Undergrad: 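Mind looking over this structure? Questions follow.
These figures come from a predicted structure and were not determined experimentally.
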Amino acid sequence: QVQLVESGGGVVQAGGSLRLSCGVSGRAFGTYTMGWFRQAPGKEREFVAAINWNGYSASYTDSVKGRFAISRDNAKNTVHLQMNSLKPEDTAVYYCARTSVRRVVTTPGEYNYWGQGTQVTVSS
């Protein structure tokens, strides 16, 4: 059984940084692409970043390019999202998710397993 647990959310002022982590149980973590999504109140869940199985390829939504960085540690079954220069519009619940493919994918429907989410609030 695959379980994902996010941590690292919180309240930060605009311009600050947070590092989200996601621990993944179950076998074959190092085989599949991992992603981060976010959902703000009243909005649909949106793609933030994804990293392929070996960490050599990543993708970001345009609004976070240059500010966020996704990484993974296959030896520790963890994936991270380093968020710098945070803006109030980054406020959302952030979700970690796992696919069953090796290539980078960006749509929620291609992710099979989801964490419970962690709240990120950026104050102005």
Side-chain angles (χ1 to χ4, degrees):
Q1 185 175 0
V2 179
Q3 291 185 321
L4 294 80
V5 179
E6 302 97 334
S7 62
V11 180
V12 63
Q13 289 190 332
S17 298
L18 283 174
R19 186 180 192 229
L20 304 183
S21 297
C22 176
V24 183
S25 66
R27 296 182 297 176
F29 169 81
T31 305
Y32 301 116
T33 289
M34 296 294 300
W36 286 96
F37 291 77
R38 65 187 180 186
Q39 188 167 17
K43 296 187 177 181
E44 292 187 352
R45 190 168 298 188
E46 67 168 348
F47 169 76
V48 176
I51 188 166
N52 78 327
W53 68 280
N54 61 7
Y56 286 0
S57 180
S59 178
Y60 300 89
T61 192
D62 286 347
S63 63
V64 308
K65 286 180 180 177
R67 300 189 297 123
F68 289 13
I70 188 171
S71 62
R72 66 189 297 160
D73 185 340
N74 286 348
K76 296 182 178 180
N77 280 25
T78 57
V79 60
H80 304 284
L81 185 68
Q82 178 66 43
M83 306 187 295
N84 300 324
S85 302
L86 282 161
K87 304 176 181 179
E89 51 264 43
D90 294 318
T91 295
V93 177
Y94 283 70
Y95 297 90
C96 172
R98 203 210 84 174
T99 69
S100 295
V101 300
R102 290 188 158 209
R103 68 188 188 280
V104 171
V105 291
T106 63
T107 56
E110 295 184 277
Y111 287 78
N112 309 104
Y113 302 96
W114 294 82
Q116 81 289 348
T118 185
Q119 176 71 47
V120 171
T121 303
V122 184
S123 61
S124 57

Undergrad: If you group Ile, Leu, Val, Met, Phe, Trp and Tyr by side-chain heavy-atom gaps below 4.5 Å, do Val48 and Leu18 land in one group?
TA: yes
Undergrad: Hey, does Tyr95 have a side-chain heavy atom less than 4.5 Å from the side chain of Gln39?
TA: yes
Undergrad: Measure the OH-OH distance between Tyr113 and Tyr32 for me, rounded to the nearest 0.5 Å.
TA: 8.5 Å
Undergrad: If the condition is ring-ring contact (aromatic ring centres under 6.0 Å, His included), which residues does Trp114 pass it with, not counting sequence neighbours?
TA: Phe37
Undergrad: Extract all donor-acceptor atom pairs below 3.5 Å that involve side chains of residues 76-83 and protein atoms in other chains or at least two apart in sequence.
TA:
{"from": "Asn77", "atom 1": "ND2", "to": "Val24", "atom 2": "O", "distance (Å)": "3.1"}
{"from": "His80", "atom 1": "ND1", "to": "Ser21", "atom 2": "OG", "distance (Å)": "2.9"}
{"from": "Gln82", "atom 1": "NE2", "to": "Asn84", "atom 2": "OD1", "distance (Å)": "2.9"}

Undergrad: To the nearest 0.5 Å, what is the distance between NZ (Lys87) and OG (Ser124)?
TA: 14.0 Å
Undergrad: Measure the shortest side-chain to side-chain distance between Thr31 and Arg102 over non-hydrogen atoms and say whether it is less than 4.5 angstrom.
TA: yes
Undergrad: For the residue pair Val93 and Gly117, what are the closest heavy atoms and their distance?
TA: CG1-CA, 3.8 Å
Undergrad: Roughly how far apart are Gln13 CD and Ser123 OG, rounded to 0.5 Å?
TA: 5.0 Å
Undergrad: Are any non-hydrogen side-chain atoms of Tyr60 and Ile70 less than 4.5 angstrom apart?
TA: yes
Undergrad: Going only through I, L, V, M, F, W and Y residues with side-chain contacts under 4.5 Å, is there a path from Trp36 to Ile51?
TA: yes
Undergrad: Do Met34 and Val2 land in one hydrophobic cluster if side-chain heavy atoms of ILVMFWY residues count as linked below 4.5 Å?
TA: yes
Undergrad: Does any N or O in the side chain of Asn74 come within less than 3.5 Å of the main-chain N or O of Trp53, such that one atom is a donor and the other an acceptor?
TA: yes
Undergrad: Quick one: list whatever passes side chain to side chain contact (heavy atoms under 4.5 Å, CB included) with Val122, sequence neighbours left out.
TA: Val12, Ala14, Leu86, Pro88, Asp90, Thr91, Val120
Undergrad: Between Val101 and Glu110, is any pair of side-chain heavy atoms under 4.5 Å apart?
TA: no
Undergrad: Just how far is it from atom OG1 of Thr99 to atom OH of Tyr111, taken to the nearest 0.5 Å?
TA: 6.0 Å
Undergrad: If Ile, Leu, Val, Met, Phe, Trp and Tyr residues are connected whenever their side-chain heavy atoms lie under 4.5 Å apart, and connections chain through other members, are Phe47 and Leu20 in the same group?
TA: no
Undergrad: Rounded to the nearest 0.5 Å, how far does OG of Ser63 lie from CZ of Arg38?
TA: 4.5 Å
Undergrad: For the atom pair CZ (Phe68) and OG (Ser17), what is the distance rounded to the nearest 0.5 Å?
TA: 9.5 Å
Undergrad: Quick one: does Ser25's side chain have a donor or acceptor within less than 3.5 Å of a partner on Gln3's backbone?
TA: yes
Undergrad: When you measure from the side chain of Gln1 to the backbone of Gly26, do you find a donor-acceptor pair of N or O atoms at a distance under 3.5 Å?
TA: no
